Amino acid sequence: MWEDFDRGHVAGARNVPYYLSVNPHGKERNLDFVDQVAALHSTHDRLIVGCRSGVRSRLATADLVAAGFTKVKNLEGGYLSLPKSVSYKQQAALANLH
């Protein structure tokens, strides 16, 4: 969701929403999600998929793997799981570890 991304994210992160909207009537999935990621990255790029709590990123990671992305990892627990004492710059450095 755009709101979560706007609240803060790791430097260099790109936002490709898995859901277009979430409301009391349900969730509207972004049917172009995989195509939008494919427009930004090859199927062999290393990707870490994250969201606020890890639920959407788990679903998004599964969709990417099913579409042939081979080096995709889910940030389990989402951004909430990252230590508060770690700066976004440090998080980005950790994300770039191979």
Side-chain angles (χ1 to χ4, degrees):
M1 302 297 299
W2 290 105
E3 300 85 17
D4 291 342
F5 191 78
D6 289 344
R7 285 187 195 120
H9 52 272
V10 175
R14 294 189 174 183
N15 186 28
V16 180
Y18 189 73
Y19 290 120
L20 296 176
S21 67
V22 176
N23 59 55
H25 303 290
K27 299 172 182 174
E28 180 186 359
R29 259 192 74 219
N30 178 1
L31 300 179
D32 297 319
F33 172 75
V34 171
D35 291 336
Q36 290 172 347
V37 173
L40 299 169
H41 301 282
S42 85
T43 57
H44 302 293
D45 286 349
R46 292 178 190 265
L47 301 175
I48 297 176
V49 182
C51 67
R52 183 176 176 276
S53 67
V55 174
R56 284 169 288 162
S57 60
R58 181 175 37 85
L59 297 170
T61 298
D63 284 2
L64 292 171
V65 168
F69 284 80
T70 59
K71 297 178 182 175
V72 182
K73 299 289 183 189
N74 175 39
L75 177 60
E76 291 186 31
Y79 290 119
L80 293 176
S81 69
L82 295 173
K84 300 294 185 218
S85 61
V86 177
S87 72
Y88 284 124
K89 187 174 184 179
Q90 290 169 316
Q91 292 170 22
L94 290 172
N96 287 324
L97 292 178
H98 300 277

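Note that the coordinates shown come from a computational prediction; the quantities given were computed from them, not determined experimentally. Values reported hereafter were calculated over all heavy atoms of this structure, with side chains retained and with hydrogens, waters and symmetry mates removed.
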Point-to-point distance, once rounded to the nearest 0.5 Å, from [atom1] of [X] to [atom2] of [Y]:
| X | Y | atom1 | atom2 | result |
| --- | --- | --- | --- | --- |
| N15 | D6 | CG | CG | 7.5 Å |
| D45 | T70 | CG | OG1 | 9.0 Å |
| L31 | L20 | CG | CG | 7.5 Å |

Identify, with sequence neighbours excluded, every residue that meets side chain to side chain donor-acceptor pair (under 3.5 Å) alongside Q36.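 By the side chain to side chain donor-acceptor pair (under 3.5 Å) rule, Q36 matches N30.
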
Pairs meeting criterion salt bridge (charged side-chain N to carboxylate O under 4.0 Å, His left out) with involvement of [range], two or more places apart:
| range | value |
| --- | --- |
| residues 64-77 | none |
| residues 18-34 | R29-D63 |
| residues 10-21 | none |

Residues in side-chain contact (heavy atoms from CB on, under 4.5 Å) contact with H25, at least two apart in sequence or another chain: N23

Residues in side-chain contact (heavy atoms from CB on, under 4.5 Å) with S53, at least two apart?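 side-chain contact (heavy atoms from CB on, under 4.5 Å) list for S53, sorted by chain: V55, L80.
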
Sorted by chain and number, sequence neighbours left out, ring pair (Phe, Tyr, Trp, His ring centres under 6.0 Å) with F69 holds for none

If you look only at pairs with a residue in residues 32-58, which of them pass as a ring-ring contact (aromatic ring centres under 6.0 Å, His included), with sequence neighbours excluded? Y18-F33

Taking all non-hydrogen atoms of both residues into account, name the closest pair between N74 and S57 and its distance. OD1-OG, 2.5 Å

L47 and V37, any side-chain heavy atoms less than 4.5 Å apart: yes

